[in-house]
Amino acid sequence: MDYFFNFLKLFQGLVAKNVKITHLGLDNVSSICAIDVAYKGNIGFAAAIRKADNQIEKRVISGNIDLPYVPGFLFIREAPIMIKALEGFQCDLILVDGHGLAHPRKSGIATVIGVLIDKPVIGVAKSKLIGEIVNEGNREYIIVNGEKVGIKSGKYFYSPGNLTDLDDCISLSSKGYPDILKLADKLSKEAKK
DNA sequence: GCGACAG
DNA sequence: ATCTTGTCGC
């Protein structure tokens, strides 16, 4: 199992080299998607929500997830089913439950998904994985190796996944925890029942 | 060796 | 993430 995770690290290194940190601008976003996964034993239930104008589309799929959860390697468990759940949903921005750049190898699940499907992604996590929280101005930044890799707002952590930047994260966080993520969380948890 | 550790 | 009762707070 040792060489397996070593391989995953190499993969994450490749992902990190291909991330594009660019400003998206939430004003240009008219369609947005969110995904979350809930479990019932080894079965994962992925919920994808798409919101455009006032139209909301939902999708839930399920599948076996046997690999163990190891901090820093969440993507190997959830990225495959999340990508599948998003299939066919056109979105200007995707919100993923987990970190993006705020990761030991700058390759959290939001980054992996964003690079693989080449779409704008922002990672929103409920707890910290790495970094120290530093107050500057009126905000709390997630600092890793002296670099601002994300921002903390309230009890949540936002970091760029792909084709977005810190400013986008700040804009998003200023609106509070996204309703669409709450919906995805709720839907996935309902599905496992 | 010890603490930290997305979901 | 999930297992779970009562309990503190808005």
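A quick note: this is a predicted structure, and the numbers were derived from the prediction, not measured. Chain identifiers are assigned alphabetically (A, B, ...) following the order of the sequence lines, protein sequences preceding nucleic acid strands; residue numbering begins at 1 within each chain.
- Across the protein-nucleic acid pair, L67(A) atom CG and dG7(B) atom P stand 19 Å apart, rounded to whole Å.
- A sub-4.0 Å separation between OP1 or OP2 of dA1(C) and a side-chain N or O of K126(A) is present.
- Nucleotide dG7(B) holds its C1' atom 13 Å from the CG atom of L181(A), rounded to whole Å.
- At dG7(B), one or more side-chain N or O atoms of S127(A) fall inside 4.0 Å of OP1 or OP2 (strictly under the cut-off).
- Rounded to whole Å, the distance from OH on Y69(A) to C1' on dA4(B) is 11 Å.
- For the pair K126(A) and D97(A), the salt-bridge criterion is met [side-chain N within less than 4.0 Å of a carboxylate O].
- Between dA1(C) and K192(A), no contact under 4.0 Å exists linking OP1 or OP2 to a side-chain N or O.
- Between the CG atom of L129(A) and the P atom of dA1(C) there is a distance of 15 Å, rounded to whole Å.
- G41(A) comes within 4.0 angstrom of no nucleic acid atom, judged by non-hydrogen atoms across all strands.
- Side-chain atoms of H23(A) and D165(A) form a donor-acceptor pair, as typed in the model, at a separation below 3.5 Å.
- Within the 4.0 angstrom heavy-atom criterion, only backbone atoms of the sugar-phosphate kind lie near A38(A); the bases stay farther away.
- Regarding F75(A), its CZ atom lies at a distance of 18 Å from the C1' atom of dA1(C), rounded to whole Å.
- Salt bridge absent: E57(A) and K51(A) never bring a charged side-chain N and a carboxylate O closer than 4.0 Å.
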Decide yes or no on salt bridge (charged side-chain N to carboxylate O under 4.0 Å, His left out) for K58(A) and E190(A), but give the supporting numbers first.
CA-CA 13 Å; K58(A) 308 173 181 178; E190(A) 266 171 20; over 6 Å; no
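- When heavy atoms are screened at a 4.0 angstrom cut-off, F45(A) is found touching no nucleic acid atom at all.
- Rounding to whole angstrom units, CD1 of residue I130(A) and P of dA6(B) are separated by 11 Å.
- For the pair Y39(A) OH and dA1(C) P, the interatomic distance rounds to 10 Å; values are reported in whole Å.
- The side chain of D97(A) has dG7(B) as its nearest neighbour among dT2(C), dC5(B), dG7(B).
- Taking atom NE2 of residue H99(A) and atom C1' of nucleotide dC5(B), one finds them 10 Å apart after rounding to whole Å.
- Taking the six-membered ring for Trp and the full ring otherwise, the centers of F45(A) and Y39(A) sit at least 6.0 Å from each other.
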